[in-house]
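All of these numbers come straight from a predicted model, not from anything done at the bench.
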Amino acid sequence: MQAMTAEFHTYQDVERAVMQEVETHIVQGRFLTALGNGEFTPAQIREFALQYSYYSRNFPRVLGAAIAAVEPLDRWWVPLVDNLWDEAGRGNPKGYHSRLYRTFLESVAPDVEISDEHVPNYPVGEAAKRAVDAFLSFLKEATTLEAMAAVGLGSELFAGLVMGLIGQGLRHPNYSRERKVNVGFWMAHADEHEPRHYQLCRDVLVEFTEPEHLQAIYRAGVQIAMSEARFYDELHDEMKRR
């Protein structure tokens, strides 16, 4: 991992540094590599869908924690609330992200009972719990700038890329031998939601150009990004035990 004390001159330097870590530890990591190569069994894809369900349905809590962490000024909370509003389908129950995720979940785990609130009756593993807890714990102590950087650089910067790669990986013919995998949840995020969410955060973060600000933005972004990298690595291991 790039040193936390690396020198940055522009916000674009910070973006490149975080993306370099994401490329190494997530894009080229064990989970996405195995997924793209069609290496997982149907039981392992089922496990992935069930575990990621916890991570996905807890993301509104993450956004709520970020909103609570920032100053009560429009330029800080509005981009985060806009992201949260997308989770709620922008007011349309048919567009709730929990409901959209359910279409994927049902296509790979049709045997699992799912509640009316779209929660599967299935135990949550340690990887998903740790990832959510790490994000929430960070935001509990974060400054306003760190909270925006954590959501922006630590998640939304690369979320569209990673979710697109997951959607593409799930289209591997090995995963559709028994039934077609519904990847609508993944591709909707890749094509529309995440790039817009990041731009809203970026519009705020790019205003901070002092070296100490760039360092703070980088540290927050890379800490959360690498927490997500650990999530995928640990999830890979949990899946392989199935």
Side-chain angles (χ1 to χ4, degrees), residues 26-27 29-63 83-84 86-129 131-132 155-156 158-197 228 231-242:
I26 299 181
V27 175
R30 292 182 299 154
F31 170 76
L32 280 178
T33 299
L35 181 71
N37 289 339
E39 297 177 14
F40 293 124
T41 67
Q44 290 165 346
I45 293 296
R46 174 181 179 273
E47 183 70 12
F48 164 69
L50 290 162
Q51 295 305 326
Y52 196 94
S53 170
Y54 180 84
Y55 187 82
S56 179
R57 69 177 179 267
N58 272 275
F59 196 67
R61 292 180 64 208
V62 168
L63 292 172
N83 194 336
L84 185 59
D86 264 350
E87 291 285 327
R90 306 199 76 80
N92 181 356
K94 293 182 180 180
Y96 288 177
H97 284 197
S98 57
R99 181 173 293 185
L100 185 57
Y101 188 86
R102 181 173 184 153
T103 63
F104 163 63
L105 183 58
E106 289 177 332
S107 74
V108 297
D111 58 309
V112 177
E113 178 186 358
I114 303 175
S115 75
D116 291 341
E117 296 295 330
H118 316 299
V119 178
N121 182 16
Y122 194 81
V124 180
E126 290 304 312
K129 286 181 182 177
V132 170
S155 180
E156 302 297 353
F158 56 88
L161 169 65
V162 171
M163 296 181 87
L165 289 172
I166 291 174
Q168 292 171 22
L170 288 166
R171 286 172 168 162
H172 194 286
N174 285 358
Y175 306 136
S176 297
R177 288 175 178 171
E178 296 180 8
R179 65 186 65 84
K180 185 177 180 180
V181 177
N182 187 325
V183 298
F185 169 84
W186 303 100
M187 303 319 296
H189 283 74
D191 296 339
E192 177 183 353
H193 297 296
E194 308 311 326
R196 178 171 174 274
H197 294 161
E228 186 163 330
F231 169 50
Y232 286 118
D233 269 349
E234 292 174 2
L235 187 54
H236 172 276
D237 293 341
E238 289 182 0
M239 292 165 66
K240 283 295 187 179
R241 290 195 286 270
R242 291 290 167 176

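- Heavy-atom minimum distance, His118 versus Arg102: ND1-NH1, 3.2 Å.
- You'll find the side chain of Phe158 stays beyond 4.5 Å of the side chain of Val27, heavy atoms only.
- Closest heavy-atom contact between Leu235 and Ala127: N-CB, 3.8 Å.
- Taking CZ of Arg179 as the start and OG of Ser107 as the end, the distance is 8.0 Å to the nearest 0.5 Å.
- In this structure, the ring of Phe231 has its center less than 6.0 angstrom from the ring center of Tyr55.
- Residues Asn182 and Glu106 form no side-chain contact, since every pair of their non-hydrogen atoms from C-beta on lies 4.5 Å or further apart.
- At distances below 3.5 Å, at least one donor-acceptor pair connects side-chain atoms of Gln51 with backbone N or O atoms of Gly125.
- For Arg241, the side-chain hydrogen bond (donor to acceptor under 3.5 Å, both in side chains) criterion is met by no residue, not counting sequence neighbours.
- Put simply, CZ on Arg30 and CD on Glu234 are 9.5 Å apart, with the number rounded to the nearest 0.5 Å.
- Taken to the nearest 0.5 Å, the OG atom of Ser56 stands 10.0 Å off from the CZ atom of Phe104.
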Next item on the list: Decide side chain to side chain contact (heavy atoms under 4.5 Å, CB included) for Leu35 and Ile45; before the verdict, give the C-alpha distance in whole Å, the side-chain angles of both, and the deciding distance to 0.1 Å.
Entry: CA-CA 9 Å; Leu35 181 71; Ile45 293 296; 3.8 Å; yes
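- Under a 3.5 Å cut-off, the side chain of Glu238 and the backbone N or O of Ala128 do not form any donor-acceptor pair.
- Rounding to the nearest 0.5 Å places CG of Asp86 at 5.5 Å from CZ of Arg196.
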Notebook entry, point to check: Could you walk me through whether Ile166 and Tyr232 pass the side chain to side chain contact (heavy atoms under 4.5 Å, CB included) check?
Noted result: CA-CA 11 Å; Ile166 291 174; Tyr232 286 118; 3.8 Å; yes
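- The salt bridge (Lys or Arg N to Asp or Glu O under 4.0 Å) pairs that include a residue from residues 32-58 are Arg46-Asp111, Glu47-Arg242, where partners are two or more places apart or lie in different chains.
- To the nearest 0.5 Å, the span separating NZ on Lys180 from CG on Leu170 amounts to 12.5 Å.
- Remark: Arg61 pairs with Asn58 by the side-chain hydrogen bond (donor to acceptor under 3.5 Å, both in side chains) rule, at least two apart or across chains.
- Considering all non-hydrogen atoms of both residues, Asn83 and Glu156 come closest at ND2-OE2, 2.8 Å.
- When each of Tyr122, Phe59, Phe31, Trp186 is paired with Tyr52, the ring pair (Phe, Tyr, Trp, His ring centres under 6.0 Å) condition holds for Trp186 and for no other.
- A distance of 5.0 Å separates CD of Gln168 from CE of Met187, quoted to the nearest 0.5 Å.
- Shown here is Lys240, whose NZ atom has more than 12 heavy atoms of other residues, nucleotides or ligands within 6.0 Å.
- For the pair Pro120 and Leu50, the tightest heavy-atom approach, listed with the atom from each and the gap, is CB-CD2, 3.7 Å.
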Next item on the list: Please report the C-alpha distance between His236 and Phe40 in whole Å, then the side-chain angles of each, then the deciding distance to 0.1 Å, and finally whether the side chain to side chain contact (heavy atoms under 4.5 Å, CB included) criterion is met.
Entry: CA-CA 10 Å; His236 172 276; Phe40 293 124; 3.9 Å; yes
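- Heavy-atom minimum distance, Thr103 versus Leu100: OG1-O, 2.5 Å.
- Side chain of Tyr54 to main chain of Pro123: no donor-acceptor pair is present (N/O by atom type, distance under 3.5 Å, no hydrogens or angles).
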